[in-house]
J.: 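Just passing along the structure, written as structure tokens.
Residue numbering restarts at 1 for every chain, and letters A, B, ... go by the order of the sequence lines. Predicted, not measured: the structure shown is a model, and the values here were computed from it.
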Amino acid sequence: MDVFASVLQSAAPLILAAMAGLLSQRTGIWHLGLGGLMSIGAMVSVVVAKETSNVTLAVVLAVTASMAMSIVMWAVIVGLRANPIIVGIGVNALGAGGTILGIVALYGKEGTVYSDVVLPRPLSFLDGAPGRLSIIAILTPFIVAAVWFVVCRTRFGLRLTAVGDHPFAARSSGVSLPRARLWGLGLGGVLAGLAGVELALGPLGSFSSGMEAGRGLMAFAAVILGATHPIVVALAATFFGAVTYFGIWAQINMVGVIDTNLMLMLPYVVVIVAVVITASVRGSAKSANLSELREG
Amino acid sequence: MKSTSFHRLRHGVTALVASAALVVLSACSGSDTASTSAAESPTAAASSEENSIVLVHDQQAGDGSVIDSQIAGMDSYATENGWTSKNVYVADAADYESTLRNVAETGPTLIMTSFVRIADAFNAVATDYPDIKFLHLYADPVDPVIPNLLSVSYDSYKLMYVSGILAATFTDTKKVGMVMGDTQALIAADYNAFAAGVASVDPSVEVSYGVVGSYDDATKAQEVAEQLFSSGVDVVQTDAGGADAGTIAAAQAGDDRFLIASSAGVFDTAPEQTIAYSGLTFADSVLETIPMVMAEDFAGGNYATGVGSALKVVFADASPTEAVSDRFAAAQAAVEAALPSIEDGSTDIEYTTDMP
């Protein structure tokens with residue numbers, strides 16, 4: 001139970017960010033800006049929680065900030081026809097640098113910001129890792145189920161998928177491609193913001209620049225590995241979280257047996273190997289859902 | 001046809017401009033270096049007649065840790081001597097050299113930095129600007145000597161030996177640990193000395209470690225520390241810079257979890273978990289070494305410092321909790337008994353840079 005809860009805690013931000021990437025990918029937009037949105041969500045949540053001691057307000061404003069940034073992404077990609085990959089990289093850089101700027105502007109320093117309050121822990125009556133799971137981590141499996149239902153079982157979700165896979169057909173059937181992409185990116189912004197909140201206010205209660213530490217790109221890899229299917233993507237993200245957990249476990253418990261630096265590389269090596277295997281099994285274009293951003 | 005080409009061109013240019021705007025915006029916001037160099041260089045050039053110090057640092061400031069101590073020492077020296085001072089943060093290793101060159105171009109009297117990752121860039125720029133003095137804290141000796149550069153090395157591993165004595169005396173579970181940022185030679189030497197200190201008190205005490213792989217990833221540091229504490233470790237030495245916030249959070253998440261911190265700010269953040277601060281008081285070291293590098297007869301070289309000057313163990317004012325006050329007192333006594341022979345070098349502590 002402890003291991004399961006620890007893996008869930010480690011994987012929850014990845015899963016949520018991967019769901020965000022999935023929604024975007026389904027509308028035909030490669031979302032490389034997940035890390036930037038997570039950083040924005042993490043920073044806003046900690047600042048608001050520190051200043052107001054109101055966790056609900058912190059979550060709402062963090063999600064709003066992340067969604068607002070997603071809408072800016074949409075405007076640049078769809079309105080100005082910018083390359084989604086370049087824009088994603090820009091959003092990542094903006095998330096990393098903009099949060100430092102925000103912290104310096106607010107507190108006159110760029111160091112760690114601590115909040116006195118953290119996310120509620122509904123299972124705190126349990127001992128060990130389960131008792132330390134935040135409400136967002138606990139809700140993550142249900143969010144995955146909701147994303148699966150919306151994407152795979154509703155007309156709205158199927159339209160999102162059609163916009164990415166068959167934009168010409170979607171347009172011919174009356175679907176507004178820009179609007180569908182706005183929904184995909186906007187909802188993705190909500191989920192990426194939640195991922196940032198979990199990262200900062202889940203186990204930690206603090207924000208420091210760089211704390212996203214490549215998790216956005218790992219989430220993006222999970223989207224590729226899971227071929228944009230919500231359940232498979234969530235499993236892929238959980239797998240990455242589990243690799244991180246067991247990498248730490250091996251460091252501590254297998255001293256002298258496995259090199260520490262190999263353990264540190266392990267999550268990233270596994271990501272690369274998994275994506276390569278997926279590409280070779282499914283074909284690179286299909287596994288990556290390489291739809292062009294077309295008007296249709 | 002022309003219209004289509006025009007539209008493609010327009011879209012391409014628009015995309016380029018939009019993307020460039022995002023990247024430029026983020027670059028401006030993300031790098032103090034860029035904005036400082038570009039926006040303040042006229043002022044700096046104008047004041048180049050005055051003596052000035054610039055600290056270039058690649059770890060964050062503002063959380064009461066090592067960089068803040070360096071800034072405090074620099075500001076103190078500048079105030080006492082009528083100099084101006086400024087600190088510049090460079091987050092990306094790829095920007096080390098360009099940032100240092102930009103700073104050097106503004107003509108300061110002295111450029112300071114710290115830690116080994118920036119060493120190659122720092123040495124290269126020091127060589128190219130012989131009229132500027134360079135001070136490198138927490139660095140290895142430079143060979144061949146650069147006449148305008150003083151590197152300052154610290155026997156911090158000896159301080160970790162003291163931490164090991166403290167941890168082994170304080171532990172109740174007979175399991176102690178360390179959360180490290182990486183496994184570079186200096187950090188590995190810290191761990192090995194920590195383990196040796198533990199063994200000198202009680203060889204049966206188990207010593208574990210976890211490596212974060214980053215000095216920023218507080219989330220992973222929390223996971224590493226959580227696994228250490230869950231395995232029965234009750235005292236953890238922090239050694240992961242900005243990621244220490246995660247180790248602190250893990251300590252606060254359970255009972256009977258204690259820290260020996262590498263920065264003094266932890267006394268305020270986690271008073272019920274922090275036994276002692278065991279680390280470098282950089283401010284003192286800065287005040288000691290700036291006059292050395294500024295001396296007229298300075299010709300380059302290395303200055304090594306041991307335990308007792310800038311390297312200190314500072315205990316909390318009171319026991320973290322009442323329940324552990326006996327162990328706290330015993331740990332204080334053990335450290336006080338061990339310090340004299342460590343400071344005078346009669347205790348032999350091996351400098352081992354390989355991880356077990």
J.: Using 0.5 Å steps for rounding, measure from the OG1 atom of B/Thr183 to the CE atom of A/Met263.
T.: 13.0 Å
J.: Find out whether B/Tyr209 and A/Ile252 are in side-chain contact, i.e. whether some heavy atom of one side chain is under 4.5 Å from a heavy atom of the other.
T.: no
J.: Only one of A/Glu198, A/Met211, A/Gln9 passes side chain to side chain contact (heavy atoms under 4.5 Å, CB included) with B/Thr219; say which it is.
T.: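 Among A/Glu198, A/Met211, A/Gln9, the one that satisfies the side chain to side chain contact (heavy atoms under 4.5 Å, CB included) with B/Thr219 is A/Met211.
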J.: Could you tell me whether A/Phe239 atom CZ has more than 12 heavy atoms of other residues or ligands within 6.0 Å of it?
T.: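 Open: at most 12 neighbouring heavy atoms sit under 6.0 Å from CZ of A/Phe239.
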J.: Flag yes if more than 12 heavy atoms outside A/Phe4 fall under 6.0 Å of its CZ atom; otherwise flag no.
T.: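 Count not over threshold, so no.
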J.: Is there a donor-acceptor pair closer than 3.5 Å between any side-chain N or O of B/Gln227 and the backbone N or O of A/Tyr245?
T.: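 Yes, because the side chain of B/Gln227 sits within donor-acceptor range (under 3.5 Å) of the backbone of A/Tyr245.
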J.: Given heavy-atom pairs under 4.5 angstrom as the criterion, report whether the side chain, backbone, both or neither of B/Val212 touches chain A.
T.: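 Only the backbone of B/Val212 comes within 4.5 Å of chain A.
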J.: Only pairs of heavy atoms separated by less than 4.5 Å count here; which of B/Ile67, B/Asp217, B/Asp182 has the most with chain A?
T.: B/Asp217
J.: On a heavy-atom basis, which atom in A/Arg215 and which in B/Lys220 lie closest, and how many Å separate them?
T.: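 Nearest heavy atoms, A/Arg215 then B/Lys220: NH2-N, 3.7 Å.
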J.: Atom CG in B/Asp216, atom OG1 in A/Thr112: separation rounded to 0.5 Å?
T.: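 It comes to 9.0 Å.
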J.: Tell me, side chain or backbone of B/Ser230 under 4.5 Å from chain A's heavy atoms, or both, or neither?
T.: side chain
J.: With respect to chain B, which residue among A/Ser209, A/Ser208, A/Gly205, A/Ser206 yields the maximal number of heavy-atom pairs within a distance under 4.5 Å?
T.: A/Ser209
J.: Taking all non-hydrogen atoms of both residues, which atom of A/Leu264 and which atom of B/Val211 are closest, and how far apart?
T.: CD2-O, 3.3 Å
J.: Can you say whether B/Ile248 sits under 4.5 Å from chain A via the side chain, the backbone, both, or neither, judging by heavy atoms?
T.: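 Contact with chain A: side chain only.
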J.: Would you find more than 12 non-hydrogen atoms of other residues, nucleotides or ligands less than 6.0 Å from A/Asn261 atom CG?
T.: yes
J.: For the CD atom on B/Glu272, are there more than 12 heavy atoms of other groups (residues, nucleotides or ligands in this structure) within a distance under 6.0 Å?
T.: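 No, not enclosed.
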J.: Please identify which of these residues, B/Glu223, B/Gln222, B/Glu226, meets the side chain to side chain contact (heavy atoms under 4.5 Å, CB included) condition with A/Pro203.
T.: B/Gln222
